[in-house]
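For ligands, and for the atoms within them, numbers begin at 1 and follow the listed sequence.
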Amino acid sequence: MASSWADLGPHRGYFTDDLAAADPEVHAAIEGELRRQQDQIELIASENVVSLASLGALGSVMTNKTVEGYPGRRYYGGAEFADDLESLAIERAKRLFGCAFANVQPHSGSQANQAVYLALLKPGDTILAMALSAGGHLSHGAAPNISGKWLRAVHYGVGADDGLIDYDEVERLAHEHEPRLIIAGGSAYPCVIDFARFGAIAKAAGASLLVDMAHFAGLVAGGVHPDPLPHADVVTATTYKNLRGGRGGLILTNDGDLARRFDSGVFPGVQGSVLLNAVAAKAVCLGEALRPEFKTYAQAVLDNARALAGALTARHVDVVSGGTDTPLMLVDLRARRLTGDAASRCLEEAGLTCNKNAVPFDDQPPSVTSGLRFGVSAATTRGFGVAEFAAIGGLVADVLDGMAGDAAPGTAAEASQKVRALCRDFPIYPDLASCPSS
Ligand code: DSN
């Protein structure tokens with residue numbers, strides 16, 4: 001028979017040891033990642049650097065709580081504070097984006113999109129979306145994704161000359177295929193999308209319009225990008241790119257009937273219980289985005305993206321569509337006879353982290369690609385401005401020139417030293433001697 005708490009409860013230290021003491025192996029991996037983030041310039045478009053407050057929310061006791069359903073309509077007890085938290089996140093999302101309804105439960109942008117599909121479509125229905133190869137997203141009907149397997153996906157592309165959406169082609173395809181849903185937005189399309197035109201095309205075709213604003217939600221929140229909500233039936237977003245929060249998704253709409261269907265689409269449709277610690281982090285980032293300083297951040301992201309694109313172009317690096325209106329840009333390496341795979345690895349060795357990415361009409365497989373995608377949201381958070389991004393453009397060009405044998409020996413090593421100096425001058429989490437959970 002158990003004789004003491006020590007016999008009844010979990011192992012010694014369970015409630016008292018920090019991560020470093022309790023699990024040195026996991027701690028070492030997190031510690032390594034903290035150092036990597038501190039010492040490298042993050043140019044992956046889907047990343048950012050969250051506040052210490054967001055980290056606190058993510059690592060909070062909210063992870064212990066199971067709830068299903070929605071505030072006031074739960075299937076489990078003890079939901080008082082969970083309800084307060086989720087209601088707060090919903091109210092902040094509605095206020096930030098000026099919309100009537102928000103669902104803050106999607107675990108990611110893909111789950112948000114799946115819930116929309118479940119609410120609006122039946123298996124085999126036709127959707128019209130941007131091709132993955134042109135800058136679209138896997139969850140927009142790409143063949144290997146559940147959306148491509150269960151729906152009939154028709155895809156539009158971009159022009160070979162300008163890399164821009166051909167709205168006449170979208171209109172023609174909508175007329176020809178009569179989709180039930182049209183999707184605007186993607187993961188590697190750098191330009192402003194004409195939401196009004198998409199709205200008109202969808203209306204004429206009798207389709208619903210989903211705008212997936214994952215890659216520019218922060219700019220919309222900051223008021224420096226056109227707002228898709230007036231033109232779309234539904235807008236999905238992620239919280240972890242330029243909204244600068246923990247990982248997760250959002251569904252926004254102004255239509256009450258649709259909102260109820262999206263809620264059912266999320267739960268019980270595609271998800272079970274809520275990741276309440278992620279919802280807590282969403283509430284934090286939405287609260288941060290409601291502060292006036294966030295507008296300054298959003299403007300800085302836009303300015304920095306243009307500075308980086310300009311610096312690359314000045315060094316004869318081919319930027320698809322000639323520039324950007326968003327936090328991201330796509331570089332075409334074909335004229336340099338380089339692959340995205342090789343170039344991203346060389347850049348990483350110099351401390352510049354980005355991802356290989358297909359460019360429109362790419363003839364390389366997705367594991368190789370002929371392009372690179374850069375985003376400025378994370379490095380803007382660390383305080384870089386246009387001068388630093390102009391310098392980063394030069395460093396990227398130095399590395400690419402070096403790969404082609406067009407740079408002086410040692411240029412890549414010099415780039416790496418300059419990256420380290422920039423990171424030292426703009427530290428992230430400077431007060432964290434160790435990982436935050438320690
Ligand atoms: N959709 C992926 C990306 O754009 O990188 C992850 O967010």
Side-chain angles (χ1 to χ4, degrees), residues 33 37 40-50 54 58 106-117 129-148 153 155 158 163 183-191 193 210-221 225 235-251 270 275 278 281-282 285 301 305 308 320-321 324-331 340-341 343-344 347-348 352-360 362 366-367 369 371-381:
E33 176 60 14
Q37 291 181 18
Q40 293 185 349
I41 295 179
E42 188 56 70
L43 297 172
I44 293 178
S46 48
E47 294 190 22
N48 214 318
V49 187
V50 303
S54 283
L58 282 166
H107 301 334
S108 76
S110 291
Q111 269 76 38
N113 290 340
Q114 279 174 20
V116 169
Y117 303 154
M130 179 181 270
L132 184 62
S133 58
H137 189 256
L138 269 172
S139 66
H140 297 178
N145 188 266
I146 189 169
S147 57
H155 287 117
V158 291
I183 305 173
S187 61
Y189 186 71
C191 299
I193 295 169
L210 159 65
V211 175
D212 181 341
M213 65 170 181
H215 274 278
F216 52 87
L219 300 195
V220 174
H225 190 95
V235 173
T236 54
T238 51
T239 41
Y240 54 93
K241 299 179 176 91
N242 34 82
L243 260 183
R244 210 161 57 170
R247 308 190 79 79
L250 301 172
I251 302 176
V270 297
L275 299 181
K282 285 178 199 177
C285 92
V301 166
L308 178 57
V320 175
S321 81
T324 182
D325 309 315
T326 67
L328 69 83
M329 67 211 68
L330 200 54
V331 158
D341 188 41
S344 61
L347 286 165
E348 186 168 347
L352 296 154
T353 319
C354 64
N355 66 280
K356 59 188 165 191
N357 209 102
V359 292
D362 207 330
S367 57
T369 79
L372 295 168
R373 187 183 66 161
F374 295 118
V376 303
S377 302
T380 300
T381 297

| message | Any heavy-atom pair between the side chains of S187 and H215 that's under 4.5 Å? | response |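 SC-SC contact between H215 and S187 confirmed.
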| Any side-chain heavy-atom pair of P106 and Q114 under 4.5 Å |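 Not touching, per the 4.5 Å side-chain cut-off.
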| Relative to ligand 1, is R247 under 4.0 angstrom through side chain, backbone, both or neither, heavy atoms considered? |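 Under 4.0 Å from ligand 1, R247 contributes no heavy atoms.
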Out of all atoms in ligand 1, which are within 4.0 Å of some heavy atom of [X]? Include the element for each.
| X | result |
| --- | --- |
| H215 | 3 (C), 4 (O) |
| H137 | 1 (N) |
| Y240 | 6 (C), 7 (O) |
| S187 | 4 (O) |

| query | Are S377 and N48 linked by a side-chain donor-acceptor pair shorter than 3.5 Å? | reply |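 No.
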| said: Once rounded to the nearest 0.5 Å, what's the spacing between atom NE2 of H140 and atom CG of L132? | reply: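 With rounding to 0.5 Å, NE2 (H140) is 10.0 Å from CG (L132).
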| said: Any side-chain to backbone donor/acceptor pair from S344 onto D341? Under 3.5 Å, distance only. | reply: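 Pair found, side chain donor or acceptor close to backbone of D341.
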